[in-house]
Every structure is written in structure tokens, then in C-alpha cells.
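Just so it is clear: chains get the letters A, B, ... in the order the sequence lines come, proteins before strands, and each one is counted from 1.
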2 protein chains.
Amino acid sequence: MNATQDPHQRHEVKVDLIAVVAAVIGNRPCALTIQQGRALPSGPFELGHRSLQAGLRDWVEQQTGHRLGYIEQLYTFADRDRLADELTRAISISYLGLTHDERREGQAPRDWRSWYDYFPWEDHRDGAPEIVESLILPRLAAWAEEVEGEPREDRCQRAAIAFGLDGRSWNEELVLQRYELLYEAGLVEEALRKRGEDATAPIPGRSMIADHRRILATGIARLRTKIKYRPVVFELMPPVFTLLQLQQAVEALSGRLVHKQNFRRLIEQQELVEETGETSSETGGRPAKLFRFRPAVLMERTAAGTKLPVIRA
Amino acid sequence: MNATQDPHQRHEVKVDLIAVVAAVIGNRPCALTIQQGRALPSGPFELGHRSLQAGLRDWVEQQTGHRLGYIEQLYTFADRDRLADELTRAISISYLGLTHDERREGQAPRDWRSWYDYFPWEDHRDGAPEIVESLILPRLAAWAEEVEGEPREDRCQRAAIAFGLDGRSWNEELVLQRYELLYEAGLVEEALRKRGEDATAPIPGRSMIADHRRILATGIARLRTKIKYRPVVFELMPPVFTLLQLQQAVEALSGRLVHKQNFRRLIEQQELVEETGETSSETGGRPAKLFRFRPAVLMERTAAGTKLPVIRA
DNA sequence: CTCCGTTATGCTCCTAATGAGCATATGGTA
DNA sequence: TACCATATGCTCATTAGGAGCATAACGGAG
């Protein structure tokens with residue numbers, strides 16, 4: 001079928017809104033889920049919705065009781081697989097939401113799940129997870145061996161980049177590339193679904209319906225990247241916090257440990273926070289100063305650019 | 001109307017694909033247009049399209065004869081204004097395409113237009129354009145004066161950030177913020193359209209149909225940002241080029257001048273290019289070495305992350 | 001009450017990345 | 001041949017980033 005064949009036929013397109021809502025709960029980076037963790041909050045875009053964002057907020061609130069604050073658009077998907085039926089295409093518009101979960105009394109508990117239940121290979125806070133070395137790499141290697149010549153090189157190189165092999169270092173931002181590599185290699189449950197293969201068992205890591213896990217990976221990747229050049233962590237923090245709490249939130253999200261003193265220096269030189277004057281002695285050692293986010297910075301930061309060797313005026 | 005009112009009614013959604021295709025032509029950053037520069041290439045997403053990207057490529061090729069290379073998704077819009085009729089919502093999925101225009105014999109010329117025809121305030125290569133000081137800032141100031149108290153402060157601050165006032169420096173990435181500010185202030189033709197106001201004349205800068213100019217601004221902003229941390233300029237360059245040509249492409253895109261020696265140092269240390277061995281004496285002075293992009297880098301670069309004070313293993 | 005374990009903070013040292021320019025090389029041209 | 005114009009090489013000062021030592025301050029265990 002060609003695009004020009006019947007230009008005036010109006011095709012129905014079903015548009016879904018889908019949310020990756022992130023929060024940090026006790027050093028665990030979490031996503032808001034429904035259906036016992038098997039799906040992300042989502043629903044169709046409808047006439048009643050004032051905007052895409054408004055529709056998304058409605059669905060999330062309706063399905064989880066959670067009211068979203070900061071959200072940003074992630075990506076719009078429309079795969080062949082997402083064909084609803086022969087005459088209707090399905091499109092998903094995904095959003096990333098950042099929240100600080102304040103569980104109030106009398107509210108139904110939300111179904112927050114750790115990212116690392118779905119992507120156990122992504123948490124490098126205690127060093128590289130054991131399953132990478134013992135399971136993932138061997139099976140990726142085997143997958144590369146399946147083909148010859150150039151394609152094999154290609155598979156090897158992709159694996160090496162994604163998992164930081166051959167002297168390369170681990171890059172926590174490549175969440176999506178890793179998931180897609182594992183998908184292609186048939187190592188995750190979602191990939192095994194359509195091939196009727198009874199063959200191999202998937203590697204550890206919880207699966208989700210449809211392509212929700214891929215969308216979650218997209219959200220995680222975006223957040224891990226963005227956290228480095230925009231002050232978005234604050235959307236995930238309580239109004240008042242210690243620098244250690246801030247650091248641990250960053251560590252949870254990025255899945256790696258951070259040099260404490262240098263992290264503080266970074267935060268301070270950027271003037272993102274100010275002391276409240278209070279301290280907290282809940283951490284066991286010397287009481288820590290409490291900080292709050294400097295609101296003025298919020299607006300300015302939106303504007304912070306990166307570097308080019310420009311000539312100053 | 002409420003989203004839950006008739007959950008089973010299937011709403012038609014019309015999905016449009018729209019392209020911001022960029023190229024650098026003789027030191028001018030250009031976008032591919034149709035309708036004498038009044039619109040961006042676009043068309044409906046149809047059943048015959050294998051994917052969103054494929055659909056987009058089809059439309060661009062059909063409308064402009066240009067075959068796209070590198071493309072990436074930009075943003076998905078669905079505003080109230082984009083309502084096609086009472087029962088149909090319209091959504092636009094926009095893409096950014098990067099190309100090097102090689103005009104071959106016998107091909108219809110493409111309608112490339114300089115970005116700065118549409119956004120004359122964005123080209124700071126020869127210093128801040130005169131219209132900023134003489135026209136834009138006064139009218140923005142007047143617009144801020146329209147309101148009292150907090151909102152006024154807000155308008156002032158937004159203008160100051162967007163245009164680098166009060167000691168702030170110009171940030172070339174804020175293309176979209178600037179356009180939206182001018183839109184809100186009623187200084188661009190698109191904003192004046194719906195208000196039946198005969199009132200004020202818009203500031204200089206060519207307008208486009210619907211929200212195409214806003215989408216163009218989104219694409220420019222994305223490219224100006226991305227050029228700084230991913231080797232995407234190369235998509236816009238001929239296969240072989242001098243460092244000055246590369247520099248001038250960057251300057252055209254970013255709209256500002258770059259320190260020549262430091263720019264070279266940057267390029268060389270990143271090992272993005274390699275000498276071809278040839279030189280070019282077309283520049284008037286000492287012949288320049290010719291370079292080509294190192295293909296190996298392409299793949300690796302996709303993976304290049306940014307900084308966090310992580311602890312090394 | 002003192003010693004310890006623990007976390008908070010302050011600072012130093014070194015190296016790499018950046019911002020600015022000066023100096024030299026090498027064509028074409030008057 | 002002198003000069004103009006662009007290409008390249010290098011230096012110097014400053015800032016940002018990576019590592020780790022040293023000191024401070026609080027709760028608890030002898």
C-alpha cells in the first residue's frame with residue numbers, strides 16, 4: 001500500500017498517552033506502575049483532554065491516585081507491532097514525570113517499583129552486578145557468534161560499547177541501547193514472546209506488557225542524562241534535605257557511586273542550594289546541615305547552556 | 001466534557017508528520033521549505049507508512065524531491081488550536097533532519113531558506129542584530145509594563161534570560177523560549193492572526209503557516225544544543241572539508257563566532273577528523289589541509305556521556 | 001567521662017580542559 | 001619582492017575535575 005493510493009481516506013489513529021513517573025524512595029529509584037508492576041500508567045488521548053499533558057495527568061491520577069508535578073515529553077512510538085488492527089494504527093506518546101512521593105495518611109499506597117527490578121544490570125552502585133559477567137556477556141557473545149564476518153564484528157562492538165568492555169568504561173546513560181541489544185539478542189522475555197521459541201530462558205529482570213519496559217528504559221536514560229546538566233534532581237527531593245540525601249538520590253538514579261567531597265563542591269559552586277540553618281542528626285554521625293533548593297536558580301537553570309569555544313563580547 | 005464520559009467512543013485523531021530539514025549552504029544555516037517558504041514539508045501519517053520515520057521521508061521526498069539521511073524525532077504537538085474540527089484532534093509529530101545539499105544537475109532546485117529570514121534576532125555572528133536593541137527590547141519592555149507586580153517581574157525576568165540582559169550573556173540555545181516570548185507578547189505575525197487586532201505591526205522575521213515557525217524554532221534549538229555534545233555537524237558537511245569550513249558551519253548554526261585556534265584544538269583532541277593528505281587553496285591565504293570525518297568515531301560518539309563526579313573502579 | 005565509630009566538612013594537590021593571544025608558515029597577488 | 005590573508009603551532013593563565021588527607025561533631029559503648 002502506498003501513501004498516495006488513497007490520500008483522502010481518513011485513517012483512524014489511536015493515540016495512547018503513557019507515563020514514566022519517577023521517584024526516589026529510600027535510596028531506590030522507582031517507577032510508578034499499575035497491574036502489579038506489569039504496566040506503566042496509560043490511557044487513550046481523548047476529546048475531553050485539553051492537551052496531551054492534561055490527558056496524561058488525568059490518566060495517571062485516575063489509575064494511581066498520584067497527581068503529577070513536573071513532566072516532560074519523552075518520545076512518540078508507532079511501530080508495526082503496535083498496529084491495533086488492519087485499519088488502525090496505534091501511537092504512544094510517552095512522558096517522563098518527576099515526583100517526590102509523600103505518602104499521606106489515608107491514601108491508597110502507590111505501586112512504586114524499583115527500576116532495578118526491571119533492569120538488574122543497571123545498578124552499579126556496588127560494582128558491576130554479578131549477572132552481567134556470569135550471564136549477560138556470555139549470552140551476548142554467543143549471539144554474536146551466530147553470524148559471520150562484518151555482522152559479528154558489529155554485534156561485538158555494540159555489546160562492548162553498551163557494557164563498557166575492552167577497556168571502555170561503563171556509561172550509565174546507555175540504558176536504552178542495552179535493553180535494545182538484549183532484546184535483539186533474544187535475551188529478554190518481551191523478545192521471546194513473539195518468536196514462539198520455547199528455547200532459551202530470558203535473563204533476570206522483570207518484564208512488562210507490550211513495550212512498556214522499553215519506554216521505561218527510555219525514561220531512565222533520559223533522566224540519567226538530564227540530571228547532569230539540569231537541576232532536575234530537586235523535583236525528586238523533599239523540600240528540605242541534607243547533601244548526603246541529595247547525593248544518594250543521584251547515586252540511585254545514575255546507578256553509580258559518587259565522590260562525596262567533589263559532589264559537594266559541585267553542588268556548592270553551582271549555587272543550587274542554600275542552608276536552612278537547621279541540622280539533622282538522623283544519619284548517625286555528625287549532624288548534617290539541612291538545605292533547600294534555591295528557587296531563583298530554577299528559572300535561570302532552564303537557561304544554562306553548554307560550551308562552545310565562543311568569542312566573548 | 002470528561003475523559004470518562006464515553007470511554008468507548010473511538011475518537012479520530014489526525015496525525016501529521018512534519019520535518020525540519022537543515023543544511024548549511026554557503027555560511028547560511030537553512031531549512032527546507034515548501035510553498036515559497038511559508039511551510040515546512042509535512043503530510044498525514046498513513047496506513048501505508050511502515051513507520052513514522054518512513055512516512056516522514058516519503059512526504060519530504062514527495063514534496064521537495066529531497067531524500068533524507070539522518071533524522072531524529074523532535075517533539076509531538078497537540079494543541080487546542082490544532083483542533084481540525086469538533087470531533088477530530090490533530091497531532092503533529094515533528095522530526096529534525098540533517099543533510100548536506102549536493103545540488104546535482106537536472107534536479108529541481110530545493111527551496112532552502114535561511115533560518116535567519118524567520119528569526120533575524122538569532123544571528124549574532126556580527127554582534128547582536130540591530131533590531132534587538134531598537135525594536136524587540138523596547139516592545140518587550142512595553143509588554144511587561146502592561147501588568148503590575150509579580151507578573152511584571154516575571155515578564156521582565158523572562159525577557160532578561162531569553163535575550164541575555166542585565167549582565168547575563170546571550171544563550172544561543174534559547175531559540176524556542178525567545179520565539180514563544182515574542183509570541184506571547186504579540187510581536188510576531190502568528191500571534192496577531194487570531195487576535196483580530198489591527199493594532200501593532202509584527203517585528204521583522206518571516207512568518208509561516210499554522211505553528212510551523214514554532215516547530216522550526218524547536219528544531220534550531222535542538223540542533224544548537226546537540227551540536228555541542230554529539231558530532232552531528234558532520235551530517236551537514238561535504239565528505240571532505242577544511243577546518244575553517246567546519247568552523248563556519250558551526251558558526252552559522254550557533255549564530256555566533258568561535259575562537260579559531262581553540263576550535264581546532266577541540267576538534268583535534270576529540271579525534272573526530274583525519275587528514276586526507278590533500279590541501280585546498282580556495283580560501284585566499286595559505287592552503288588549508290583537507291579533512292574527513294573518522295567513521296569509527298561515529299559509533300563511539302553516540303555513546304559519549306557527560307560528567308558526574310563518579311568514583312572510578 | 002573518654003574512646004570510638006560514623007558522618008560532615010574543609011582543604012590541598014595535581015592534572016586536564018578552557019579562554020586568549022602571540023608568532024610563524026605558506027599560498028596568491030600587486 | 002613585499003604584502004595580504006588564512007593556516008597552524010604554541011604559550012600562559014585560569015578554571016574545572018579527580019583523589020584523598022585532616023578535622024569536626026554527635027551518639028554510644030566501655
Asker: Quick one: does B:H259 reach the base of C:dG21 with a side-chain donor-acceptor pair under 3.5 Å?
Answerer: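 Answer is yes: a donor-acceptor pair is held.
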Asker: Is it true that, when you exclude B:E133 itself, more than 12 heavy atoms of the residues, nucleotides or ligands shown sit nearer than 6.0 Å to its CD?
Answerer: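 For B:E133, atom CD is not crowded (no more than 12 foreign heavy atoms under 6.0 Å).
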Asker: Whole angstroms only, please: what is the CZ-C1' distance between B:R264 and D:dC10?
Answerer: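 Distance check: B:R264 CZ to D:dC10 C1' gives 13 Å.
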Asker: Starting at atom CG of B:N262, determine the distance to atom P of C:dG21, rounded to an integer number of angstrom.
Answerer: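 In whole Å, C:dG21 P lies 10 Å from B:N262 CG.
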Asker: Just by distance, do the side chain of B:T99 and the backbone of B:A23 share a donor-acceptor pair under 3.5 Å?
Answerer: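 The answer is no, because no donor-acceptor pair under 3.5 Å joins these two groups.
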Asker: Send over the distance from A:F263 CZ to C:dG10 C1', rounded to a whole Å.
Answerer: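 After rounding, the gap between these two atoms is 17 Å.
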Asker: Spell out protein contact along nucleotides 25-30 of chain C as letters: B when the base is contacted, S when just the sugar-phosphate is, - when no protein heavy atom is under 4.0 Å; keep the 5' to 3' order.
Answerer: BBBS--
Asker: When all nucleic acid strands are considered with a 4.0 Å heavy-atom cut-off, which category describes B:K260: base, sugar-phosphate, or nothing?
Answerer: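 Counting heavy atoms under 4.0 Å across all strands, the contact made by B:K260 includes a base.
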Asker: Quick one: does any side-chain atom of B:E122 pair with a main-chain N or O of B:Y116 as donor and acceptor, under 3.5 Å?
Answerer: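 No; judged by distance alone, with no hydrogens or angles, the pair does not exist.
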Asker: Provide, to the nearest angstrom, the distance between the CD atom belonging to B:E275 and the P atom belonging to D:dT8.
Answerer: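 Between P of D:dT8 and CD of B:E275: 8 Å.
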Asker: Please determine whether the number of non-hydrogen atoms from other residues, nucleotides or ligands lying under 6.0 Å from atom CD of B:E153 exceeds 12.
Answerer: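 More than 12 heavy atoms, drawn from other residues, nucleotides or ligands, come within 6.0 Å of this atom.
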Asker: Write down the distance between CD1 (B:I267) and P (C:dT18), rounded to a whole number of angstrom.
Answerer: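 My rounded result for the distance is 12 Å.
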Asker: Answer yes or no: is there a side-chain heavy-atom contact under 4.5 Å between B:W112 and B:H66?
Answerer: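 B:W112 vs B:H66: side chains touch.
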Asker: With sequence neighbours excluded, tell me which residues meet salt bridge (Lys or Arg N to Asp or Glu O under 4.0 Å) with B:E278.
Answerer: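 Not a single residue meets the salt bridge (Lys or Arg N to Asp or Glu O under 4.0 Å) criterion with B:E278.
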Asker: Which of these nucleotides, C:dG10, D:dT8, D:dG18, is closest to any side-chain atom of A:Q261?
Answerer: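 Taking heavy atoms from C-beta onward, the closest nucleotide is C:dG10.
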Asker: Could you check whether B:L244 gets within reach of a base, just the sugar-phosphate, or nothing at all, counting any heavy atom under 4.0 Å?
Answerer: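 B:L244: backbone/sugar contact only, no base atoms under 4.0 Å.
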Asker: Without decimals, in angstroms, what is the distance between B:L246 CG and D:dT8 P?
Answerer: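 It is 13 Å, rounded to the nearest whole Å.
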Asker: Between B:Q269 and C:dT18, is there a side-chain N or O to OP1/OP2 distance below 4.0 Å?
Answerer: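 The answer is yes; a side-chain N or O of B:Q269 sits under 4.0 Å from OP1 or OP2.
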Asker: In terms of the angle between their ring planes, are B:F293 and B:F234 parallel, tilted or perpendicular, with boundaries placed at 30° and 60°?
Answerer: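 Geometry flag for B:F234 against B:F293: parallel rings.
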Asker: Could you check whether any side-chain heavy atom of A:S254 comes within less than 4.5 Å of a side-chain heavy atom of A:I227, counting everything from C-beta outward?
Answerer: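 SC-SC contact between A:S254 and A:I227 ruled out.
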Asker: If you draw the axis of the six-membered ring of B:W170, does the NZ or CZ of B:R178 fall within 45° of it and under 6.0 Å from the ring centre?
Answerer: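 Yes - B:R178 lies over the ring of B:W170, closer than 6.0 Å to its centre and within 45° of its axis.
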Asker: Through what angle, rounded to 10 degrees, does the axis of the helix from C:dC1-D:dG30 to C:dA30-D:dT1 turn between its ends, using five pairs per end?
Answerer: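 Roughly 20°, once rounded to the nearest ten degrees.
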Asker: Let me know the distance between CD of A:Q245 and P of C:dT9, rounded to the nearest Å.
Answerer: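 Spelled out: CD on A:Q245 to P on C:dT9 is 12 Å.
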Asker: Would you kindly give the CZ-to-P distance between A:F291 and C:dA8, to the nearest whole Å?
Answerer: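 Rounding to the nearest Å, CZ of A:F291 and P of C:dA8 are 11 Å apart.
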